[in-house]
Protein chains: 2
Amino acid sequence: MSPAGAGRRTPRRTRQRQAVADLLAAHPGFISAQRVHSLLAEGGIEVGLATVYRCLAQMVAGGELDTIVAESAEVLYRRCSADHHHHLVCRRCGTTVEVHDPQVESWADGVARAHGFADVNHRVEVMGVCRACAL
Amino acid sequence: MSPAGAGRRTPRRTRQRQAVADLLAAHPGFISAQRVHSLLAEGGIEVGLATVYRCLAQMVAGGELDTIVAESAEVLYRRCSADHHHHLVCRRCGTTVEVHDPQVESWADGVARAHGFADVNHRVEVMGVCRACAL
DNA sequence: ACGTACATGAGAACCATTATCAGTTACCTC
DNA sequence: GAGGTAACTGATAATGGTTCTCATGTACGT
């Protein structure tokens, strides 16, 4: 087909990949690869751990998932909208709100420019306890 | 003696602890524990890896160091001021500028409150290429 | 239905970090 | 200055998340 990999190949449709995608689609907050694996196992769906990692990595590469790094240094995944945004995460239940706010974007750019930095990106995470968990 | 030193023991003065502290004091950007260990070794100062980790952890606990988690999920350390701030990091040379700006603090609080989140903290990191590296 | 390139998975490898524990040493007391 | 002790050190093992290996399986174009 296309020589020199002009496009990326279409991933094959397997029950494992489907199971991981379905679980992520249904999960409201960030979740670790290990937990994806055990949740699938609990649901009677056997998927190898290596395969879980592979599927998640591919979904991240394809822009379907966002990642954050927990304090324990494990990577957490979540299905997110494609455009730039940040996260407001409940540290009790993991419920996550996407925050789209140009204010913080221009703040970051301003700070960087003030110090002569170019080619800027940034990462913002806000953590707290959501209304439901605070009760 | 530290005033209000309720329960804090004075760390013993050893050549290992001194070596780690000196290296961090002289280092301009964030650095990993592994790299601290190898830099000391290159300088002919033998310090066990476990001891490097211990010293760094104690310095973090004592508020002498800040940490961030790199994309590779390894923890990076840097000597920082004690009060709350964020970092502007050059992704080429690692040079870091501390950013003290109440604007982003109130932004984070406002976002959290708007969604009913309480007990909020946040993490902000801005990455770019500093003036020297952009040349 | 066939063939094959891509996908899978069990387990090994990897890597940063932490725990173990016997030997060392800074520092207080006399 | 000598001595005792609790803190410190470091070689090594253990841990835990993630990635690699490679033999086997399978989706999908033909």
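Note: hydrogens, waters and symmetry copies are ignored here, and every other heavy atom, side chains too, is used.
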Q: List the steps and the verdict of side-chain contact (heavy atoms from CB on, under 4.5 Å) for A:Asp119 and B:Arg91.
A: CA-CA 10 Å; A:Asp119 194 13; B:Arg91 72 169 70 88; 3.4 Å; yes
Q.
Using the rule given for side-chain hydrogen bond (donor to acceptor under 3.5 Å, both in side chains), can you reason through A:His86 versus A:Glu105, listing the C-alpha separation, both sets of side-chain angles and the distance that settles it, and then say yes or no?
A. CA-CA 10 Å; A:His86 300 291; A:Glu105 315 304 326; 3.2 Å; yes
Identify each atom pair where a protein N or O and an N or O of nucleotides 26-30 of chain C are less than 3.5 Å apart, giving names and distance.
unit_1 : atom_1 : unit_2  : atom_2 : d
C:dA26 : N3     : B:Arg12 : NH1    : 3.4
C:dC27 : OP1    : B:Arg13 : N      : 3.0

Would you name the heavy atoms of [X] and [Y] that are closest together and state the gap between them?
X       : Y        : answer
B:Val47 : B:His37  : O-CD2, 3.0 Å
B:His84 : B:His100 : O-CD2, 3.7 Å
B:Thr51 : B:Gln16  : CG2-CB, 4.0 Å

Grab the [atom1]-[atom2] distance between [X] and [N] for me, whole Å please.
X       : N      : atom1 : atom2 : answer
A:Glu74 : C:dA16 : CD    : P     : 18 Å
B:His37 : C:dT17 : NE2   : P     : 13 Å
A:Arg35 : D:dG17 : CZ    : P     : 13 Å
B:Ile68 : C:dA16 : CD1   : P     : 16 Å
A:Gln58 : C:dC6  : CD    : P     : 12 Å

Q: Give me the residues of residues 41-50 of chain B where at least one heavy atom lies under 4.0 Å from an atom of DNA chain C, by number, or none.
A: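 Residues of residues 41-50 of chain B under 4.0 Å from DNA chain C: B:Leu49, B:Ala50.
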Q: Give, for atom CG of A:Leu65 and atom CG of A:Leu76, the distance between the pair rounded to the nearest 0.5 Å.
A: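 It comes to 12.0 Å.
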Q) From the list D:dG17, C:dT17, C:dG9, which nucleotide is the closest neighbour of the side chain of A:Gln34? A)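 Closest nucleotide to the A:Gln34 side chain: D:dG17.
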Verify the contact: side-chain N or O of [X] to OP1 or OP2 of [N], cut-off strictly under 4.0 Å; return yes or no.
X       : N      : value
B:Tyr53 : C:dT17 : yes
A:Arg17 : C:dA7  : yes
B:Gln16 : D:dG10 : yes

Q: May I ask you to check whether over 12 heavy atoms, not counting those of B:Arg15, lie within 6.0 Å of atom CZ?
A: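 More than 12 within 6.0 Å, yes.
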(Q) For residues B:Leu56 and B:Leu23: do they belong to one hydrophobic cluster (side chain heavy atoms under 4.5 Å, members Ile, Leu, Val, Met, Phe, Trp, Tyr)? (A)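 B:Leu56 clusters together with B:Leu23.
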**Q.** Reference residue B:Val104; test side-chain contact (heavy atoms from CB on, under 4.5 Å); the match among B:Val126, B:Val124, B:Asp109
**A.**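 Only one of B:Val126, B:Val124, B:Asp109 forms a side-chain contact (heavy atoms from CB on, under 4.5 Å) with B:Val104, namely B:Val124.
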Q: Map B:Val75 and B:Arg54 onto DNA chain C by nearest heavy atom, then report which one ends up closer to the 5' terminus.
A: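 The answer here is B:Val75.
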